[in-house]
Number of protein chains: 2
Amino acid sequence: MSKKATRRPPEQRRQEIVDTAVALANTLGLDRVTSRDVANELGVATGLVHHYFPTVDELVVAAFAQAATGQNEQDETACSTLPALDALRALVQRTLAMDSADARLWMSAWVAAPRRPELAREVDKQMLAALDILTGLLAKGHALGVFDAPNPTGSAVRILTLFDGFVVQLSMRSHAAYGDIHSLIWDTVEREVGLPAGSLRP
Amino acid sequence: MSKKATRRPPEQRRQEIVDTAVALANTLGLDRVTSRDVANELGVATGLVHHYFPTVDELVVAAFAQAATGQNEQDETACSTLPALDALRALVQRTLAMDSADARLWMSAWVAAPRRPELAREVDKQMLAALDILTGLLAKGHALGVFDAPNPTGSAVRILTLFDGFVVQLSMRSHAAYGDIHSLIWDTVEREVGLPAGSLRP
DNA sequence: CTCCTTGTTGAACATCTACTCAACAGCTTA
DNA sequence: TAAGCTGTTGAGTAGATGTTCAACAAGGAG
């Protein structure tokens with residue numbers, strides 16, 4: 001932050017800017033990401049931010065895309081490297097391990113999306129990607145006889161809706177009884193894929 | 001909006017301002033409520049808004065409080081006038097009948113709360129009120145033998161978390177398969193209170 | 001009718017923000 | 001070493017917002 005702004009290759013500088021924007025968004029929310037704050041945090045001039053991202057909207061979209069893509073990629077590799085049952089367990093665990101910064105990033109994306117068409121498109125894309133990943137996993141498990149999920153898409157929608165509710169509770173860090181919510185999520189997922197209660201929980 | 005600003009009794013003017021703020025918040029979100037916009041919409045000077053609400057934060061809190069209190073009061077009267085089963089059904093129905101404006105109001109409140117202590121307190125208060133209402137209803141039904149809800153608070157937390165997830169989906173109006181989500185909610189509530197599947201759905 | 005309380009005005013100030021652009025300076029190349 | 005491409009600067013413009021405040025005027029009290 002107090003370092004001199006040395007000249008860098010464009011790719012790297014661009015990445016630094018996105019990373020800084022992600023960090024700020026995690027703390028303050030996507031709609032609070034400002035070219036000034038990013039520039040200050042990075043120790044560069046505001047003009048430089050606009051050199052790489054002509055409008056802040058583009059930066060915000062890039063920041064959200066990077067954060068969300070990272071999460072989806074984790075789930076994707078879990079799905080492709082682990083047996084279906086373990087993959088599902090890992091996916092639920094990763095969701096339950098989210099912290100309030102992750103939660104607030106998503107919340108702010110949802111709120112900002114209606115006013116930012118580009119962001120809205122990216123949010124849709126990422127939510128759809130998450131849905132596809134989970135749907136594919138459930139379909140695979142069903143085909144292999146590991147799960148009983150005759151309607152993988154419907155089950156995935158329901159599970160993700162529950163995850164969204166968890167994100168809301170998490171972002172509030174309020175009176176939520178996390179134990180109850182964790183139980184609800186494990187129970188619902190188990191029931192949704194036809195597993196005996198308690199058989200998925202680690 | 002083009003009407004002359006006639007002199008009014010303070011109570012009434014104050015109410016008009018809050019109502020206008022609620023209307024704006026429903027469209028744009030709580031964090032987009034602006035003294036200028038409220039004044040313009042109402043056809044008065046910006047100074048008048050600040051005369052009744054010295055800071056915009058206070059106006060935002062009042063707007064949210066009014067909107068949320070209205071919803072909770074509906075649920076409360078349902079609980080006190082209807083038999084437990086009907087009250088629960090009405091409560092679920094009212095939630096499923098929310099529109100995306102209602103949803104966005106809550107979403108924006110959740111996102112804005114961390115930066116606005118007064119709003120955070122009000123949001124907590126309203127969420128806790130909703131929790132109390134539902135908990136009371138489940139406890140009452142359990143005591144009367146209508147439900148089987150040995151842990152009313154836990155059940156209420158789980159149901160409300162699911163509602164929050166529904167609110168998120170609603171605010172996005174995206175690829176959500178509403179039919180699936182409605183089914184999930186009815187099923188989960190029925191299961192949570194020990195009712196046979198399908199027995200609560202109207 | 002006149003006074004006086006008070007609802008109301010609207011301009012002014014300060015702050016924050018996005019975005020622009022001409023000038024500067026660090027690297028690479030000849 | 002000298003030249004030029006380009007990463008970088010930082011001041012400047014424009015607009016949105018919160019907040020203040022002295023002055024205005026509508027309606028009731030005397």
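First the proteins, then the strands, lettered A, B, ... as listed; each starts at 1.
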Problem set entry | Nearest listed nucleotide, side chain of B:H51, among C:dC19, C:dG7, D:dT8 | C:dG7
Exercise. Below 4.0 angstrom, N of the basic side chain to O of the carboxylate: do B:E11 and B:R14 qualify?
Worked result: no
For this session: For DNA chain D, determine which residues of residues 108-119 of chain B have any heavy atom closer than 4.0 angstrom to one of its atoms, and list them numerically.
Result: none
Exercise. So do B:R32 and B:L24 actually touch side chain to side chain, heavy atoms under 4.5 Å?
Worked result: no
All N/O pairs under 3.5 Å across the protein-nucleotides 10-15 of chain C interface:
none

Exercise. Checking all strands, does A:F53 fall into the base, sugar-phosphate, or nothing category for heavy-atom contacts under 4.0 angstrom?
Worked result: nothing
Report, one pair per line, the protein and nucleotides 26-30 of chain C atoms (nitrogen or oxygen only) whose separation is under 3.5 Å.
| unit_1 | atom_1 | unit_2 | atom_2 | d |
| --- | --- | --- | --- | --- |
| C:dG26 | N2 | A:R7 | NH1 | 3.3 |
| C:dG26 | N2 | A:R7 | NH2 | 2.8 |
| C:dG26 | N3 | A:R7 | NH1 | 2.9 |

Exercise. Near DNA chain C, under 4.0 Å by heavy atom, which residues of residues 17-35 of chain B?
Worked result: none
For this session: May I ask you to say what B:P54 touches in the nucleic acid, namely base, sugar-phosphate or nothing, with a heavy-atom cut-off under 4.0 Å?
Result: sugar-phosphate
Distance-only check: which donor-acceptor pairs under 3.5 Å involve side-chain atoms of residues 65-72 of chain B, not counting sequence neighbours?
| unit_1 | atom_1 | unit_2 | atom_2 | d |
| --- | --- | --- | --- | --- |
| B:Q66 | OE1 | B:Q15 | NE2 | 2.9 |
| B:Q66 | NE2 | B:D19 | OD1 | 2.7 |
| B:T69 | OG1 | B:A65 | O | 2.6 |
| B:T69 | OG1 | B:Q126 | NE2 | 3.0 |
| B:Q71 | OE1 | B:W106 | NE1 | 3.2 |
| B:N72 | ND2 | B:Q126 | O | 3.3 |
| B:N72 | ND2 | B:Q126 | OE1 | 3.0 |

For this session: Give the nucleotide from the list C:dT9, D:dT8, C:dG7 with an atom nearest to the side chain of B:Y52.
Result: C:dG7
Distance-only donor-acceptor pairs under 3.5 Å for side chains of residues 161-168 of chain B, two or more places apart:
| unit_1 | atom_1 | unit_2 | atom_2 | d |
| --- | --- | --- | --- | --- |
| B:T161 | OG1 | B:V157 | O | 2.8 |
| B:D164 | OD2 | A:Q169 | NE2 | 2.5 |

Exercise. Between B:R115 and A:D31, is the closest basic N to carboxylate O distance under 4.0 Å?
Worked result: yes
Problem set entry | Aromatic B:F64 / basic B:R116 pairing, under 6.0 angstrom, 45° off normal | no
